[in-house]
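Before any comments, here is the structure.
What you see is a predicted model; the values in this text were computed from it and never measured.
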Amino acid sequence: MPKRFCVTGACIPEKNYMVDISGRIDRIIKEYIEDGRYFTINRARQYGKTTTLFLLERKLREDYLVISLSFEAADEYFQSLSSLAEGLIMDIGECLRNQNIPEDILNEWLSPISEKFPMRSLGMKISALCRHSKKKIVLMIDEVDKSSDNQIFLSLLGLLREKYLKWQQGREKTFQSVILAGVYDVKTLKLKLHPKEESKYNSPWNIAADFMMDMSFSAEDIKTMLEGYEKDYETGMDFSHISSLLYDYTAGYPYLVSKICQLADERIAGTEEFPEKSSAWTKAGMLSAIKLLLKESNTLFDDMTKKLLDYPRLKEMIQKILFGGSAFPFKREMPMIDLGVTFGFLREKDGMVAVSNRIFETQLYDLFLAEMAVNGELYREPASDRNQFIVSGMLQMDLVMRKFYEYFEEIYSDNDQKFIEDNGRKLFLLYLKPIINGTGNYYIEAQTRDSKRTDVVIDYKGRQFIVELKIWRGEEYNARGEKQIFQYLEFYRQEKGYLLSFNFNKNKKTGIHELEYEGKRILEVVV
């Protein structure tokens with residue numbers, strides 16, 4: 001069977017194209033397992049946790065007895081202490097049987113527990129198992145936060161903690177290492193709040209070491225996956241260019257990297273525009289795959305939508321960052337920032353809060369803009385025919401800007417300054433989105449976004465258009481803005497750019513102007 005890119009479940013090296021994380025696995029074993037650490041791998045959804053556990057288990061089995069469990073479908077275990085203890089004995093027994101543990105040890109493990117003291121009985125079984133086993137034992141539990149707000153689960157953590165502390169004092173035999181994996185960090189259960197409830201419990205998992213391993217993919221990591229694909233298909237792709245492009249859009253988010261590659265391989269290659277695999281593994285092919293990713297529903301984006309509905313304050317903060325250019329200091333002690341990081345939406349950049357990657361940023365823009373359009377906020381359908389903006393298959397950006405000027409002057413020019421300051425960027429993006437939708441895509445250049453300036457980069461069939469949106473602050477400030485966009489055009493190797501200025505001067509001069517600067521041209525629209 002040919003290999004495929006995997007975006008569901010664990011990636012298996014023999015079956016899937018995947019990033020080489022063997023060095024990461026070796027580091028986890030050396031720095032955490034061999035050192036007898038208990039720790040939590042808490043990362044956002046589809047961030048490679050399950051794959052990491054699978055490869056870690058496979059490597060550990062060379063020297064350790066590995067008990068690998070999942071709480072994905074274990075709700076019935078948390079009905080009572082007895083059901084939890086019996087469920088764990090059953091599942092762990094299956095793991096032991098699969099690793100050919102001696103029959104007498106297995107029989108002792110499977111013997112009945114005390115009905116009156118089920119957790120104490122479970123603890124004694126763990127000690128006996130670790131005493132009699134020839135190999136040290138590692139316990140791994142995936143999807144551990146499925147029941148982490150349950151008092152019975154806390155009893156399990158308390159048992160493991162008690163045994164760990166006695167083991168450290170030389171008074172007990174227990175697991176060499178315990179690894180708990182999930183989205184939420186069970187060291188701080190207060191994170192997993194139901195939206196309108198307060199945390200009821202403190203976590204006993206304060207014995208856990210901080211897991212500092214970076215699980216995102218670097219451009220070099222991505223390159224190792226592409227090299228495996230290239231060996232099979234010989235597309236002639238430029239590894240450095242494609243891996244850098246994937247990293248630029250995803251910041252190494254594992255699911256996003258693999259999903260774009262899967263779309264390029266299975267959906268883009270073989271189309272009329274990209275008939276061969278070699279044509280799909282180009283910049284234009286990758287941008288088409290990204291466009292497809294943003295257009296279609298997937299479990300990651302569905303979860304994002306649900307989380308924003310559950311946590312309106314988080315949603316409000318992200319909107320302020322995206323549309324208002326608001327800057328928030330990065331402090332994970334702040335609950336909404338911590339939630340945003342936990343869900344994978346936010347990250348730290350130069351000491352400030354930033355959206356995690358370009359794909360998420362564009363998806364969030366699209367989500368918020370669609371919500372505004374559906375709700376009728378700020379948005380009225382322009383009378384102009386959208387087809388007029390596409391000539392011979394290419395976007396006519398000059399016409400887009402000129403028609404936006406007419407549209408704005410007709411509908412919004414009489415609104416007050418506060419309205420335009422708050423919503424001007426939304427109005428332009430709402431106008432732009434249906435024009436390029438289905439063929440092109442856009443993103444916001446985060447490095448230049450603040451309360452006064454935003455740069456929009458539009459990708460349309462391999463061509464890029466740079467539009468700077470800014471609030472007019474006088475002639476001197478405007479001149480600086482013109483110089484900035486010329487510098488930006490130089491960076492993107494573009495000969496022409498666009499400047500949209502929102503001017504609030506009482507005697508303002510609106511209109512459309514053509515400018516030239518050091519061989520570059522700019523179309524400036526002042527509204």
Side-chain angles (χ1 to χ4, degrees), residues 10 21-43 47-71 74 84 88-89 91-96 98-99 101 105 109 119 122-145 148 153-189 203-215:
I21 63 170
S22 57
R24 191 175 301 169
I25 297 299
D26 291 340
R27 279 188 58 202
I28 293 174
I29 293 173
K30 182 178 180 180
E31 297 178 17
Y32 292 88
I33 307 297
E34 291 179 358
D35 202 34
R37 294 180 177 230
Y38 287 26
F39 60 100
T40 302
I41 301 178
N42 65 292
R43 295 293 185 274
Y47 213 90
K49 299 184 296 295
T50 301
T51 296
T52 298
L53 291 181
F54 170 76
L55 296 177
L56 183 59
E57 177 185 359
R58 194 154 80 168
K59 181 73 172 179
L60 283 171
R61 281 197 176 194
E62 298 172 7
D63 301 302
Y64 294 86
L65 183 63
V66 182
I67 298 172
S68 180
L69 311 177
S70 174
F71 285 167
L84 175 60
L88 289 173
I89 288 171
D91 288 346
I92 292 174
E94 191 66 22
C95 290
L96 298 176
N98 291 338
Q99 294 178 76
I101 197 165
I105 298 178
W109 174 261
M119 296 306 288
L122 175 63
M124 293 173 65
K125 284 180 176 291
I126 291 172
S127 296
L129 175 64
C130 294
R131 259 196 320 270
H132 297 147
S133 175
K134 293 180 179 179
K135 293 182 177 181
K136 295 178 179 179
I137 303 177
V138 175
L139 173 65
M140 302 164 56
I141 307 178
D142 197 7
E143 302 290 350
V144 74
D145 52 355
S148 63
F153 172 75
L154 297 183
S155 298
L156 173 62
L157 292 187
L159 172 66
L160 295 173
R161 177 181 184 274
E162 177 189 29
K163 299 187 75 61
Y164 172 85
L165 294 174
K166 289 182 178 179
W167 175 52
Q168 293 290 299
Q169 298 165 12
R171 299 164 50 203
E172 182 72 276
K173 287 286 186 180
T174 191
F175 301 119
Q176 167 71 13
S177 180
V178 175
I179 308 165
L180 307 179
V183 172
Y184 299 89
D185 186 354
V186 295
K187 287 172 66 177
T188 53
L189 285 177
S203 172
W205 203 236
N206 56 0
I207 57 168
D210 292 329
F211 184 69
M212 306 302 293
M213 200 73 63
D214 184 2
M215 292 177 64

Thr40 pairs by side chain to side chain contact (heavy atoms under 4.5 Å, CB included) with which of Asp185, Asp210, Asp145, Ile179?
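Of all the options given, the one that passes is Asp185.
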Check the pair Leu96 / Trp109 against side chain to side chain contact (heavy atoms under 4.5 Å, CB included), numbers first and verdict last.
CA-CA 9 Å; Leu96 298 176; Trp109 174 261; 3.9 Å; yes
Partner residues of [X] under the side chain to side chain donor-acceptor pair (under 3.5 Å) criterion, sequence neighbours left out:
X	result
Ser133	none
Asp214	Ser216
Glu62	none

How long is the gap from NZ on Lys125 to CD1 on Ile92, to the nearest 0.5 Å?
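If I round to the nearest 0.5 Å, the distance is 10.5 Å.
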Approximate separation, where rounding is to 0.5 Å, of Arg131 CZ and Ile105 CD1
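Nearest 0.5 Å value for the CZ-CD1 distance: 11.0 Å.
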Throw together a table of side-chain donor-acceptor distances under 3.5 angstrom for residues 158-166, partners on residues two or more places apart or in other chains.
from: Arg161; atom 1: NE; to: Pro204; atom 2: O; distance (Å): 3.3
from: Arg161; atom 1: NE; to: Asn206; atom 2: OD1; distance (Å): 3.0
from: Glu162; atom 1: OE1; to: Arg120; atom 2: NH1; distance (Å): 3.3
from: Lys163; atom 1: NZ; to: Gly123; atom 2: O; distance (Å): 3.0
from: Lys163; atom 1: NZ; to: Ser127; atom 2: OG; distance (Å): 2.5
from: Lys163; atom 1: NZ; to: Glu172; atom 2: OE2; distance (Å): 3.3

State, yes or no, whether a side-chain contact exists between [X] and [Y] at a heavy-atom distance under 4.5 Å.
X	Y	answer
Gln176	Ile137	no
Leu69	Leu88	yes
Phe175	Val138	no
Tyr64	Ile33	yes
Asp142	Thr52	no
Gln168	Ile207	no
Gln99	Lys135	no

Considering residues at least two apart in sequence or located in another chain, which fulfil the ring pair (Phe, Tyr, Trp, His ring centres under 6.0 Å) criterion with Phe211?
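If we apply the ring pair (Phe, Tyr, Trp, His ring centres under 6.0 Å) test to Phe211, skipping adjacent residues, the hits are Tyr32, Phe39.
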Restricting to side chain to side chain contact (heavy atoms under 4.5 Å, CB included), what partner residues turn up for Glu57, sequence neighbours left out?
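Result, side chain to side chain contact (heavy atoms under 4.5 Å, CB included) vs Glu57: Arg61, Val66, Ser68, Met140.
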Check [X] against [Y] and note the closest heavy-atom contact, atom names and distance.
X	Y	result
Ile41	Lys49	O-CD, 3.7 Å
Ile89	Leu122	CG1-CD1, 3.9 Å
Ile141	Val144	O-CB, 4.0 Å

Can Met213 and Ile28 be said to form a side chain to side chain contact (heavy atoms under 4.5 Å, CB included), step by step?
CA-CA 8 Å; Met213 200 73 63; Ile28 293 174; 3.6 Å; yes
With a 4.0 Å cut-off, would you call Glu31 and Arg27 a salt bridge?
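Answer for the salt bridge query: yes.
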